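These notes are about the structure you will find just below.
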Amino acid sequence: MSLQAIYKKQPLVHCITNYVVANFTANGLLAIGASPVMADAVEEAADMAKVSDALLINIGTLRPHTVEAMVRAGQSANAHHVPVVLDPVGVGATAYRLETVRDLLAQIQFQAIRCNAGELAMIANVPWQAKGVDSGSGDMDIAAVAQDVAKKYECLVIVTGEVDVVTDGVQVAHISGGAEMITRVTGSGCLLSAICAATLSVPGEPLSNIVATLQDYKHVAALADATHGTFQHNFFNALQQQAEVLV
Amino acid sequence: MSLQAIYKKQPLVHCITNYVVANFTANGLLAIGASPVMADAVEEAADMAKVSDALLINIGTLRPHTVEAMVRAGQSANAHHVPVVLDPVGVGATAYRLETVRDLLAQIQFQAIRCNAGELAMIANVPWQAKGVDSGSGDMDIAAVAQDVAKKYECLVIVTGEVDVVTDGVQVAHISGGAEMITRVTGSGCLLSAICAATLSVPGEPLSNIVATLQDYKHVAALADATHGTFQHNFFNALQQQAEVLV
Amino acid sequence: MSLQAIYKKQPLVHCITNYVVANFTANGLLAIGASPVMADAVEEAADMAKVSDALLINIGTLRPHTVEAMVRAGQSANAHHVPVVLDPVGVGATAYRLETVRDLLAQIQFQAIRCNAGELAMIANVPWQAKGVDSGSGDMDIAAVAQDVAKKYECLVIVTGEVDVVTDGVQVAHISGGAEMITRVTGSGCLLSAICAATLSVPGEPLSNIVATLQDYKHVAALADATHGTFQHNFFNALQQQAEVLV
């Protein structure tokens, strides 16, 4: 029922995200009743963050000036008690991404990190074979590593995949279901990170709210399951329907 | 019948717009037979504007170098009698957006401003409660304020909402209809601004041409009305069908 | 059967492309089983190119720092035997685009150039009337000019249009079919360039592989043919189906 809570609140979600998925992210947020606003200029990032209900920082297409905007927005959000979510897209792909994520984690207090297993491994410094912005392959105890990262950065860690794992460092929840096809729609993970940010702006216990959001998202993906074009079409319908269903 | 006039002319529309809606804007223009071209580098903005039939300046995702490109493109368009439309997206959201819009209005002669009520209020310096890039809420006589802004900047002012208001400072037209769902598709206002730019490139009286475009756009939205994914799908079909219908 | 070969290999395709079509390009690659990664920062372009299976350089929305990233990525790809494809979007539209394309051609060894007739004319310095990023109109022997360009730059030249022409400078192939509607979906040419890059990463003779890709793409367009919204929907379905069909 988490998407319904977002629909009820209609939070303003400030997204500093990559240009590949900006449209998809905005439409996904609008479909569930949230209000997206994209603003990644150094000149306005802090101002936008402080009037928002939640902030998403996504490193999908990094640029130096955007990184500076991320830091300003994140610190502004921290100062104004606006929850901040980090999506470390492809952090294992280049040294620049890894350095940037380390800087962001050092300068901003995130309420949640939303990533895939490969990105988690890189943040935790565990061996892994990444492939671009995909998860890649490797062998680790995801829940244990996620707990370590959650404790270290004092935030929720949300690792999505065939089975999602979410932890605050102590409790661990697993969520299964969904549809494999969602991994072939660009931005599906990025949008989920934005929806997690929106989730952290609604009343209630953060961990259980995030679990409900992950369950809803897997349910939406299962409802949408189809070949690529039809999946995209169904997905936005299902997001809206899931958010607007009567409680 | 305004979309049909655009379809007949196939104008080249230079768009300096935000990365959230660039794809949607390009496809919307293509659906009605116009030719979009996006070019926002300082190095080429003036060159592109002067060979275009219309120019759109949209501040949705500002950057300092883009603002410089906007000024060069706008002044080039003015020098070559190419109509220019301003879309002051979220001008009330940050000081940087407001300063930028004031600069653009000072340095470029626009033929039209296309905005929502909240953006109009901010340009006119009327109290209003904005919410990110959404219209927000407040209380003013939209037509009267739009007339003042139209007189001050010597241009058409097009304020869209449940009822659209368009004025040249003297005459005022109201257009109703449409579908509320269009407000939940990102870029629907931005695309309309681009279509208004295209409209100003076709023969005829600008104000009545814009009224016809607004009527067409509301008609297209009503034809497309559905949940989110289906709306997007229907919307491009309806745009094309409305533009290509036999006169 | 070229899309099937891509589906089998699942190549990582590094795209430095414009923000108008980045989402469409990523989804098109994902639909056929490739893994897109977008990275256009100077700080990481070379690192990303060297771990990729193919590189696309598309000049659709140029910026000076992106040009520098293109050069670094292209030279890194050359050094690591990663195939590179150039898409000179709208090279005839402004002096800045032409200078940039000349620089890129001087500094990077491309394996293929994918363009329309107007862009070919500009690269070959043949008179032509361009229109923004559209092909425009003119009169030349496309095959002969393409052969000259292929010889000069020692690469394949792929000129798409109602009839596609592809040449290595000696052999020339023509591919007909498709659907005119594809020219009204933004990014359809840009995506094809990315798929050509993916094609060059699979085993086999490059020219005949590219011919097979062009045939597949025209077949997909014909399968998708419909009005604008339905075309987009069908197109991703048809891409996936064509790539996944049993050999």
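To find a chain, count down the sequence lines: A is the first, B the second, and so on, and within it residues start at 1. Because the structure is a prediction, the values reported are computed rather than measured. For the numbers below, each heavy atom of this structure counts, side chains included, while hydrogens, waters and symmetry mates do not.
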Considering non-hydrogen atoms only, spot the tightest contact between A:Asn237 and B:Gly229 and give its length.
OD1-N, 2.8 Å
Where on [X] is there a heavy atom nearer than 4.5 Å to chain B: the side chain, the backbone, both, or neither?
X	answer
A:Ile16	neither
A:Ser52	neither
A:His65	side chain

Heavy-atom check, side chain of [X] versus side chain of [Y], under 4.5 Å:
X	Y	value
B:Gln232	A:Asn27	yes
B:Tyr19	A:Thr61	no
A:Asn23	B:Thr186	yes
A:Asp47	B:Tyr96	no
A:Gln241	B:Thr227	yes

Flag, side chain of B:Arg184 to backbone of A:Ala31, donor-acceptor distance under 3.5 Å
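Confirmed, B:Arg184 side chain pairs with A:Ala31 backbone.
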Answer yes or no: is there a donor N or O on one side and an acceptor on the other, between the side chain of A:Gln240 and the main chain of B:His228, under 3.5 Å?
yes
More than 12 heavy atoms of other groups within 6.0 Å of B:Glu162 CD
no
A:Glu44 vs B:Glu99, side-chain contact (heavy atoms from CB on, under 4.5 Å): CA-CA, chis, key distance, verdict
CA-CA 11 Å; A:Glu44 67 174 353; B:Glu99 285 159 25; over 6 Å; no
Point-to-point distance, once rounded to the nearest 0.5 Å, from CG of A:Asn234 to OG1 of B:Thr230
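Nearest 0.5 Å value for the CG-OG1 distance: 7.5 Å.
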Below 4.5 Å from any heavy atom of chain A, which atoms of B:Thr183 appear? Answer side chain, backbone, both or neither.
backbone
